[in-house]
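Just so it is clear: chains get the letters A, B, ... in the order the sequence lines come, proteins before strands, and each one is counted from 1.
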Amino acid sequence: ADIISTVEFNYTGDLLATGDKGGRVVIFQREQETKSRPLSRGEYNVYSTFQSHEPEFDYLKSLEIEEKINKIRWLPQQNAAHFLLSTNDKTIKLWKISERDKRAEGYNLKDEDGRLREPCRVTELRVPTLKPMDLMVEASPRRTFANAHTYHINSISVNSDYATYLSADDLRINLWHLEVTNRSFNIVDIKPANMEELTEVITAAEFHPHHCNVFVYSSSKGTIRLCDMRSSALCDQHSKFFEEPEDPSSRSFFSEIISSISDVKFSHSGRYMMTRDYLSVKVWDLNMESRPVETYQVHEYLRSKLCSLYENDCIFDKFECCWNGSDSTIMTGSYNNFFRTFERNAHRDTTLEASRESSKPRAILKPRKICTTGKRKKDEITVDSLDFNKKILHTAWHPMENIIAVAATNNLYLFQEKVN
Amino acid sequence: MFVRGLKRKCFDGEEDIEGTLAGIKAIPSYNLQRQSLLDMSLVKLQLCHMLVEPNLCRSVLIANTVRQIQEEMTQDGTWQMINTQSTGQASLDRLVSTDILCRSSRDQAEGKHVPAYGTFNKDFESDQAQDSSETMSTASSVQPPRNLQSNMWEMENPQENKGNFQKSLDQIFETLENKSPNSVEDLFSEVDNSYYDLDTMLTGMMSNTKMGHCDSLETFSSPTNTASNSNCKSDLNDLDHIVEILVES
């Protein structure tokens, strides 16, 4: 199994897609509750597996293009088939996943095994009939959106109009129509005329869940810009600019690096957005640009270790974050296969671990605690014993229920709220 | 399994120092820490991964860190050229070689994407006023900076880069040879001295704290009487590392 690079539930939560470093997409489907297997509800089983992207070679630059899937985004379902967008560094693809459970039999011109019949042997005409067959799930690429990005794509986001989507790389954001592959519109371009003046890149972008003209993008300097596509064709001028003033007492050489935003997500309500930087998660009210309304420390104990984390490159890890369906809880990952949930109203946070040892099927996860002072209590884990190779970068929350998907390197964990 | 460097204390670990006596000995000099961070950042910029385009965001963040350190050092006055003939030449060459090394490691990658230190180059230019003509000619492949910096983020003209690379290599070895010492070690120590003359803090006491950085910092942890020797040794390790990269190409 390869390292999982993205996890995403579809709009109903019945399907869960994962993309990996090898360019594969694996889709899991939730088992329907049946009388014969009452406990199976909530289990996800493999539904479809396909190779989305292959490694490529850019001959002009003499560089490999990785097949790693950076993001998957589902389209809302409009017919029996399911559609999703998957992207690597350079190319976005629209995939159709459809089921086939019937087969036509009784062709006039073909034998049952598919060989063509001699026309002179056909003595009578019959109407082919549909017979049931074993369920087959087919994935087929329907569109390929290529050659629009010079830099590495970090985000894709489907618009609420369900007809367009955006793709963002380090310096540019493009707007596409799902039906048109040979043209895309550039809506943000922050590439400086003189590349030596480059000091800031785009790190993430997302469309507003309800307003099809609004999107946000975050930067490596810890700022978020909200843009309105009605104001101009090129949205280099933002409508809103979100930045928290820096705390001068905690300034260090690493301040900029840890302020770089790795993920931005609108709340389901559309009223708030959440940003993840290296040490914290912040919730912003779209009506207030001056500072976030809530800040949650994910692993503040790492602040004193920033130099080591810079040395081993961990400081550049890009953690994602997600909301639950009702926007009451937010979740993000950390190191040592820990992930954290923050209940906003109850002001409660929990640290859980995604590992084989601590997750027996149907067992309740025990909350974990990091020891930050000298004296270690029983069951506490010291900061020095954290494994920084075990990082949880990708998590997803079911849109309606309390089911979460946590990707721990090359393993996928699914946790569910215990229902009595 | 722990990631390398985690248990070693960098200058993160100040709060763990106990006792006044130990505290006095153990407080790492700020300039030392800053220097080590600068070195680490430059190494990171040099070691670009070859086959795939490196992460632009990471490169920009590291370059910004380098710029920040550099600005602070300029304000402090520690980023100065010593204008005497012998040391001046050596210190300029030291900067030249770092600059060329950064570029050559990109060329090592057969003309791959390389992040930069654009302002590093700029400051270098402005400080060249003294030895302009001579250094200009030896640094001919450093000029024009435009060429270098436009290649910073985008790959263009890999063939040109290869040509520059060859010139840069020749220059480095030329400047090294011109020193005419007998042993390589003497050569490096001579270069080192001039380099550390730039950073006046290092003529003072050496700290006893363990730093979380490669070998160069760990040599600082052992107090020695001959401060300059330990300077040389640590920077020798540094330079060894850099020359190793060159030689491997």
Side-chain angles (χ1 to χ4, degrees), chain A residues 55 57-58 60-66 68 89 150-152 154 169-171 191-192 194-203 219-221 252-260 262 302-316 318 335 374 383-390, chain B residues 1-16 33-34 36-38 40-41 44 50-53 55-69 72 109-113 116 118-119 121-122 145-146 148-156 158 211-214:
Chain A
F57 196 77
D58 181 338
L60 218 55
K61 294 184 187 176
S62 260
L63 290 170
E64 271 183 20
I65 299 171
E66 280 188 323
K68 174 168 75 95
D89 283 337
T150 312
Y151 303 96
H152 291 180
N154 52 54
D169 67 29
D170 295 313
L171 297 178
K191 182 178 172 188
N194 195 351
M195 275 300 267
E196 52 183 291
E197 289 161 9
L198 179 66
T199 55
E200 192 174 10
V201 300
I202 297 170
T203 52
S219 83
S220 56
K221 285 197 171 169
S252 75
F253 284 119
F254 304 111
S255 295
E256 186 184 315
I257 299 178
I258 63 168
S259 75
S260 174
S262 51
L302 295 183
R303 193 179 286 273
S304 57
K305 306 271 178 217
L306 290 178
C307 185
S308 308
L309 294 165
Y310 179 70
E311 189 193 354
N312 62 28
D313 264 11
C314 282
I315 208 174
F316 300 108
K318 293 195 189 303
Y335 293 104
V383 179
D384 285 333
S385 66
L386 293 175
D387 188 341
F388 286 77
N389 287 324
K390 295 187 183 164
Chain B
M1 181 175 92
F2 304 120
V3 182
R4 183 182 79 86
L6 190 62
K7 282 194 167 177
R8 286 179 278 180
K9 289 199 175 110
C10 190
F11 45 102
D12 311 318
E14 284 180 45
E15 59 269 10
D16 295 340
Q33 298 167 18
R34 189 175 58 186
S36 78
L37 185 59
L38 178 62
M40 208 196 303
S41 305
K44 278 188 185 299
M50 307 306 153
L51 286 175
V52 185
E53 258 178 298
N55 192 331
L56 185 64
C57 183
R58 175 180 176 272
S59 308
V60 168
L61 289 172
I62 298 173
N64 287 351
T65 309
V66 167
R67 209 172 277 138
Q68 203 186 330
I69 295 173
E72 207 181 274
E110 293 155 325
K112 302 298 179 283
H113 196 285
T119 52
N121 229 1
K122 279 206 198 110
R146 299 291 158 264
L148 170 67
Q149 281 141 26
S150 65
N151 286 338
M152 201 161 94
W153 307 112
E154 294 175 297
M155 283 329 300
E156 291 150 24
M211 308 260 204
H213 179 38
C214 26

Legend entry - Donor + acceptor pair across side chains of Tyr310(A), Ser41(B) (<3.5 Å): yes

Legend entry - Any Glu200(A) side-chain heavy atom under 4.5 Å of Asn64(B) side chain: no

Inset, instruction - Measure the shortest side-chain to side-chain distance between Asp170(A) and Val60(B) over non-hydrogen atoms and say whether it is less than 4.5 angstrom. - result: no

Legend entry - Over all atoms of both residues, closest heavy-atom pair of Gln68(B) and Ser252(A): NE2-O, 3.9 Å

Legend entry - Side chain, backbone, both or neither of Ser219(A) within contact of chain B (heavy atoms, under 4.5 Å): neither

Legend entry - Check: Phe253(A) and Gln33(B) side chains under 4.5 Å, non-hydrogen atoms: no

Inset, instruction - For the residue pair Leu56(B) and Leu171(A), establish whether any side-chain heavy-atom pair is separated by less than 4.5 Å. - result: yes

Inset, instruction - Below 4.5 Å from any heavy atom of chain B, which atoms of Thr199(A) appear? Answer side chain, backbone, both or neither. - result: both

Legend entry - side-chain contact (heavy atoms from CB on, under 4.5 Å) assessment of Phe316(A) paired with Leu61(B): CA-CA 9 Å; Phe316(A) 300 108; Leu61(B) 289 172; 4.0 Å; yes

Inset, instruction - State, with a plain yes or no, whether a side-chain heavy atom of Cys57(B) is found less than 4.5 Å away from one of Lys318(A). - result: yes

Inset, instruction - Determine the minimum heavy-atom distance between Glu196(A) and Arg67(B), stating which atoms define it. - result: O-NH2, 4.1 Å

Legend entry - Partner chain B: residue of His152(A), Lys390(A), Glu66(A) with the largest heavy-atom pair count (under 4.5 Å): His152(A)

Inset, instruction - Answer yes or no: is there a side-chain heavy-atom contact under 4.5 Å between Leu37(B) and Phe254(A)? - result: yes

